[in-house]
Asks: 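Below is a structure I'd like to ask you about.
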Amino acid sequence: MASVSAKIISSTAAAVATATGGNTTTTRSSCLPVFRRGPATPLPLKLSRRRRHHVRHITNVFKTVESPAAPPTLDPVRQVQKPTILVSEKLGEAGLEVLREFGEVECSYDLSQEDLCKKISLCDALIVRSGTKVTRAVFEAAKGRLKVVGRAGVGIDNVDLQAATEFGCLVVNAPTANTIAAAEHGIALLAAMARNVAQADASMKAGKWQRNKYVGVSLVGKTLAVMGFGKVGSEVARRAKGLGMHVIAHDPYAPADRARAAGVDLVSFDLAISTADFISLHMPLTPTTKKIFNDETFAKVKKGVRIINVARGGVIDEDALVRALDSGAVAQAALDVFTEEPPPKDSKLVQHENVTVTPHLGASTKEAQEGVAIEIAEAVVGALRGELSATAVNAPMVPPEVISELSPYVVLAEKLGRLAVQLVAGGSGIKSVKVVYKTARDPDDLDTRLLRAMVTKGIIEPISSSFINLVNADFTAKQKGLRISEERVSIDSSPENPVESIQVQISNVDSKFASAVSENEYISIEGKVKDGIPRLTCVGSFSVDVSLEGNLILCRQVDQPGMIGRVGNILGECNVNVSFMSVGRTVKRTRAIMAIGVDEEPDKDTLKKIGEVPAIEEFVFLKL
Ligand SMILES: NC(=O)c1ccc[n+]([C@@H]2O[C@H](COP(=O)([O-])OP(=O)(O)OC[C@H]3O[C@@H](n4cnc5c(N)ncnc54)[C@H](O)[C@@H]3O)[C@@H](O)[C@H]2O)c1
Ligand SMILES: O=C(O)[C@H](O)COP(=O)(O)O
């Protein structure tokens, strides 16, 4: 019971040491290059000998298939086997040079799936852009030889990450080198659309001179809503302000002070779309943002709004956009990205006279492609050397024995992060997260890198296009201005379990569920692993005990008889299956918290009915 000592490990996500695994106590003299945001300059990072050993295992942690014996190519200088690197889409020359210095490079563009599968078993690395589908079949055909896939760009939706991980293949990307290019393309589309440049050009080339038909609209003094205030969105905002536009932004997870510093007001989704003259999309494609622009949304926009999309086609319901263009709700659209790429030739959207299109050119500038090429080439070479890459998007790097012992806690950590972020009220940017581990072991022996990475993953993934793992968690958190600190609390208990409990605290934010806010005024949730199953054991000051699976409804109600039955009935009537239920209270017959696990997602009406039960003071639905 007694808490003996508390050791604070101030590991800001910013700390370079944490980007490599976060051991804050041991630094020795060996340096390994790790590639970080911005120009692809190797930064020396000091790693302990133990850490270096882990680093070398990065590509082997999940390896399930032995590499076949392939004909070796010898580097005449080093007299070691040179790896073979297949480049399947056009890559900048500077990147190719980096690759050629290290391995045998084969550039084969426009390969069919079949041909790619034939070649891949002789390759150690593959470099692609968005046009090559790296499917499970490709990893299967690689027969274990493929060690790394490099995506020369941000989006990795064309790479089957699950298959990559299963086959022990590291995937790295180049997340920052094309940010400016994408922002510039957004601005190019904004201006071209407002002045009908593409339509007027086509008309003149058809021999016409239609000055009256192509009268445009001015940008100065107009309101631009930037939807997604991340890397690209904030650069678009900056440029639009330079054009004299009034810029507002919607991003539930962006820190308000970062927006304020850029002279941009963060507003709600509805306010953004109902007041803007122009809407520019810069959010990632996630289950939450998929088709976020749909018939319902277009009914709320300011009539005659103009929309730019250089993010991902899937955030717009394209049929709904055609209807909105036909009705005049949307005056014009300028699109670089499409749900299906290339879109069907007879696509009504592409053919629409009020739509300007480009074939996914956002990242296509010479400068961006050179930057991306160098960034990806260095990341791939580093990975082939077995070094740590800050842009790795899969395959955590922890010794198998640590993974095995921590695996149930890994699930717990991710779920606690995922729950905690959903308790934050939209509009309040998250800046500071603290993870508290209670352990009966020597806190110095507790390797929390994986757990911290998984909490970070749980917090960031629902709100970003980033894929988080042990390698990139701190790097990504830093990019998002998120400070993750840790505290290890030593307790008297059985040292059999590596961790007794994990608590996630988020400070300086408002909560959607006031009861999740502790006396110390931060959102606090805590969990434990019992019989190998992760469980939620504390919400704010309330104790509960529910298994973390399916979805969760948290209700705070007056502590009185019949509450479980009433809510259970509402869910039952709507065919929502309750998997478990737990009630926690601080004082008898005052207030209680009910945690209800549900297999299905209740619809809006069902949730409304729960909220209408008089004794229920607040409730929230959380996806695990
Ligand atoms: N057209 C191109 O060639 C091209 C080039 C680069 C990037 N992209 C795309 O642009 C998008 C943005 O890229 P980035 O590098 O700026 O990513 P980022 O992760 O830096 O920014 C995304 C932002 O969206 C915010 N967000 C998440 N959910 C949201 C929601 N529901 N509503 C509003 N905002 C939300 C996040 O908080 C984050 O700030 C991605 O979809 C990326 O794939 C396209
Ligand atoms: O995800 C990205 O980086 C952009 O969408 C660019 O894709 P591309 O490399 O195929 O141009």
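Bear in mind the structure is a predicted one, so any value in this text is a computation, not a measurement. Counting starts at 1 for both ligands and their atoms, in listed order.
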Asks: What distance separates R449 CZ from M454 CE, expressed to the nearest 0.5 Å?
Replies: 14.0 Å
Asks: Just to be sure I'm reading this right: ignoring hydrogens, which of E235, R129, K231 gets closest to atom 20 (O) of ligand 1? Compare them by their nearest heavy atoms.
Replies: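 Closest candidate by heavy-atom distance is K231.
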Asks: For residues T223 and T275, is any side-chain donor paired with an opposing acceptor at under 3.5 Å?
Replies: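 Result is no, nothing qualifies.
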Asks: Below 4.0 Å, non-hydrogen atoms only: which portion of F269 touches ligand 1? Side chain, backbone, both or neither.
Replies: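 F269 to ligand 1: no contact under 4.0 Å from either part.
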Asks: Which is closest to atom 22 (C) of ligand 1 in terms of heavy atoms, H282, H360, R312?
Replies: H282
Asks: Has A254 got any heavy atom lying under 4.0 angstrom from an atom of ligand 1?
Replies: no
Asks: Determine, step by step, whether Q332 and N196 satisfy the side-chain hydrogen bond (donor to acceptor under 3.5 Å, both in side chains) criterion, reporting the C-alpha distance in whole Å, the side-chain angles of both residues, the deciding distance to 0.1 Å, and the verdict.
Replies: CA-CA 10 Å; Q332 290 182 298; N196 302 305; 2.9 Å; yes
Asks: If the contact criterion is a heavy-atom separation under 4.0 Å, does H185 count as touching ligand 1?
Replies: no
Asks: Is there side-chain contact between I248 and V226, with heavy atoms separated by less than 4.5 Å?
Replies: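 Side chain of I248 against side chain of V226, heavy atoms only: no contact under 4.5 Å found.
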Asks: Closer than 4.0 Å to some heavy atom of F229 - which atoms of ligand 1 meet that?
Replies: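 So the answer, numbered in order with elements, is 39 (O).
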Asks: Is L285 in polar range of ligand 1, meaning some N or O pair under 3.5 Å apart?
Replies: no
Asks: Hey, does K133 have a side-chain heavy atom less than 4.5 Å from the side chain of Q113?
Replies: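 A side-chain contact exists here, since the closest heavy-atom pair is under 4.5 Å.
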Asks: Applying a heavy-atom cut-off of 4.0 Å, say which part of H250 lies close to ligand 1: side chain, backbone, both or neither.
Replies: both
Asks: Quick check, are the ring centers of F293 and F269 under 6.0 angstrom apart?
Replies: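 Yes: the rings meet the under 6.0 Å criterion.
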Asks: Can you check whether T179 has an N/O within less than 3.5 Å of an N/O in ligand 1?
Replies: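 No: no nitrogen or oxygen of T179 is under 3.5 Å from one in ligand 1.
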Asks: Is the shortest distance from a heavy atom of P284 to ligand 1 less than 4.0 Å?
Replies: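 The answer is yes, since P284 has a heavy atom less than 4.0 Å from ligand 1.
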Asks: Could an N or O of ligand 1 be found under 3.5 Å from any N or O of L361, whether backbone or side chain?
Replies: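 In this structure, L361 places no N or O atom under 3.5 Å from an N or O of ligand 1.
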Asks: How does P175 reach ligand 1, if at all, at less than 4.0 Å between non-hydrogen atoms: by side chain, backbone, both, or neither?
Replies: neither
Asks: Taking C-beta and beyond as the side chain, do V264 and R238 meet within less than 4.5 Å on heavy atoms?
Replies: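 Side chain of V264 against side chain of R238, heavy atoms only: no contact under 4.5 Å found.
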Asks: Consider side chain to side chain donor-acceptor pair (under 3.5 Å). Of H185, E341, R129, which one does H360 pass it with?
Replies: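 Answer after filtering H185, E341, R129: E341.
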Asks: Taking NZ, NE, NH1 and NH2 as the nitrogens, is one of them in E318 or K291 under 4.0 Å from a carboxylate oxygen of the other?
Replies: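 Salt bridge between E318 and K291, a charged N being under 4.0 Å from a carboxylate O: no.
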Asks: Can you tell which part of T286 has a heavy atom less than 4.0 Å from ligand 1: side chain, backbone, both or neither?
Replies: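 It is neither part, as no heavy atom is under 4.0 Å.
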Asks: Can you name the residues that form a side chain to side chain donor-acceptor pair (under 3.5 Å) with K222, not counting sequence neighbours?
Replies: none
Asks: Are L146 and V148 close enough that some pair of their side-chain heavy atoms sits under 4.5 Å apart?
Replies: no
Asks: Within the 4.0 Å heavy-atom shell around A182, which atoms of ligand 1 are there?
Replies: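 Heavy-atom distances to A182 below 4.0 Å select 5 (C), 6 (C).
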Asks: Could you check whether R418 pairs with E414 (Lys NZ or Arg NE/NH1/NH2 to Asp/Glu carboxylate O, under 4.0 Å)?
Replies: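 So R418 pairs with E414 through a salt bridge.
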Asks: Got V134 and F139 here, is their nearest side-chain heavy-atom distance under 4.5 Å?
Replies: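 Yes. Closest side-chain heavy atoms under 4.5 Å.
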Asks: Can you name the residues that form a side-chain contact (heavy atoms from CB on, under 4.5 Å) with E184, not counting sequence neighbours?
Replies: I180, R239
Asks: Just jot down the side-chain contact (heavy atoms from CB on, under 4.5 Å) partners of S524, sequence neighbours excluded, or say none.
Replies: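 By the side-chain contact (heavy atoms from CB on, under 4.5 Å) rule, S524 matches Q503, S518, Y522.
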Asks: Could you tell me which atoms of ligand 1, counted from 1 in the order shown, lie closer than 4.0 angstrom to a heavy atom of N178?
Replies: 6 (C)
Asks: Within the 4.0 Å heavy-atom shell around T289, which atoms of ligand 1 are there?
Replies: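 Taking each heavy atom of T289 in turn, ligand 1 has 30 (C), 31 (N) under 4.0 Å.
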Asks: Write out the protein residues near ligand 2, meaning a non-hydrogen atom under 4.0 Å from one of its atoms, in order of chain and number.
Replies: R129, S130, R151, A152, G153, V154, G155, N178, R312, H360, A363
Asks: State if D336 counts as touching ligand 1 under the rule of any non-hydrogen atom under 4.0 Å.
Replies: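 Contact present.
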Asks: Work out whether the distance between some heavy atom of D251 and some atom of ligand 1 is less than 4.0 Å.
Replies: yes
Asks: Kindly identify the option in M283, K480, M227 whose heavy atom sits closest to atom 40 (C) of ligand 1.
Replies: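 Comparing heavy atoms across M283, K480, M227, the nearest one to atom 40 (C) of ligand 1 lies in M283.
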Asks: Is it the case that ligand 1 has an N or O less than 3.5 angstrom from some N or O of V154?
Replies: no
Asks: Could you walk me through whether E114 and S112 pass the side-chain hydrogen bond (donor to acceptor under 3.5 Å, both in side chains) check?
Replies: CA-CA 5 Å; E114 204 187 346; S112 66; 4.9 Å; no
